[in-house]
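Remarks on the structure that follows.
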Amino acid sequence: MDKKWTVIIVMLLVAFVLIVAYIDDNPNAINNTGETMSFNVSSGPSELSESIKNIKTLNYYKGYDAETVKWMESLGNKKVFRGEDSIVIMSSFDAGKIPSEPGITDVYIYDYFTAEVIENHDLGNGLPSVYHVKNVKFTNREIVGNGLA
């Protein structure tokens, strides 16, 4: 009986060490797998590759976390919606659940939806958090005049 407990304890210790090593190597990973969150976005969808290009080149993103951008690059061909404090990445299928209004320039459009978070990371330096999501459910749209019309 003692050998069984020894094996179980050793396996638990190995699992613990692997988890700690992953967290130590990925300090900007915030694992919210399975958590459903509400999002408010004001633009999208756009291509993930375009968002990555903007992060790498625009002064607004100066000092971004390179590991988070590497993670974003690993997600492949995805769609992006932007909010004031978040960048939300999803499949084309999920992006299609959020109605888009291309070409409207005289109003602000805010889309509200819920989604299950697969993984999220921080761009650092007060920049938006980045969420990779699935199972999007559109909930509401708010249209506000911008005073230009």
Next item on the list: Identify whether M72 and V88 are in the same connected component of the hydrophobic contact network (ILVMFWY, side-chain heavy atoms under 4.5 Å).
Entry: no
Note to self: Would you compute the distance between atom CD1 of I87 and atom CG of L123 and round it to the nearest 0.5 angstrom?
What the structure shows: 5.0 Å
Next item on the list: Kindly determine whether R141 and I109 satisfy side-chain contact (heavy atoms from CB on, under 4.5 Å), including the steps that lead there.
Entry: CA-CA 7 Å; R141 168 171 278 167; I109 299 174; 3.3 Å; yes
Item checked: Qualifying salt bridge (charged side-chain N to carboxylate O under 4.0 Å, His left out) pairs, either residue in residues 41-57, two or more places apart -> E47-K79, K56-E73
Next item on the list: Taking T139 for its side chain and Y112 for its backbone only, find out whether a donor-acceptor pair lies under 3.5 Å.
Entry: yes
Checklist line | Between NE2 on residue H121 and CD1 on residue I89, distance to nearest 0.5 Å | finding: 9.0 Å
Next item on the list: Answer yes or no: is there a donor N or O on one side and an acceptor on the other, between the side chain of N125 and the main chain of G63, under 3.5 Å?
Entry: yes
Note to self: Testing the basics here: between V130 and W71, what is the closest heavy-atom pair and its distance to 0.1 Å?
What the structure shows: CG1-CZ3, 3.5 Å
Notebook entry, point to check: Taking a hydrophobic cluster as the set of Ile, Leu, Val, Met, Phe, Trp and Tyr residues connected by side-chain heavy atoms closer than 4.5 Å, whether directly or through intermediates, do V41 and L48 fall within one such cluster?
Noted result: no
Notebook entry, point to check: Is there a path from L75 to M90 through hydrophobic residues (I, L, V, M, F, W, Y) whose side chains come within less than 4.5 Å of each other?
Noted result: no
Margin query: Is there a continuous path of hydrophobic side-chain contacts, each under 4.5 Å between heavy atoms, that joins F93 to V80?
Written below: no
Next item on the list: Would you please indicate yes or no on a ring centroid separation below 6.0 angstrom for F113 and F39?
Entry: yes
Notebook entry, point to check: Which residue pairs satisfy the side-chain hydrogen bond (donor to acceptor under 3.5 Å, both in side chains) criterion with at least one member in residues 81-98, sequence neighbours excluded?
Noted result: S51-R82, Y61-R82, D94-K97
Next item on the list: Establish whether Y131 and I52 are linked, either directly or via other cluster members, by ILVMFWY side-chain heavy-atom contacts under 4.5 Å.
Entry: no
Item checked: Distance, nearest 0.5 Å, that separates CD1 of I55 from OG1 of T57 -> 9.5 Å
Next item on the list: Identify the heavy atoms of A115 and V133 that sit nearest to each other, and give their distance.
Entry: CB-CB, 3.6 Å
Margin query: To check you understand the geometry: which heavy-atom pair defines the closest contact between S38 and T114, and what is its length?
Written below: OG-CG2, 3.6 Å
Next item on the list: Can you see which heavy atom on D122 is nearest to which on T68, and at what distance?
Entry: O-OG1, 2.8 Å
Item checked: Distance (rounded to the nearest 0.5 Å) between I98 CD1 and F81 CZ -> 4.0 Å
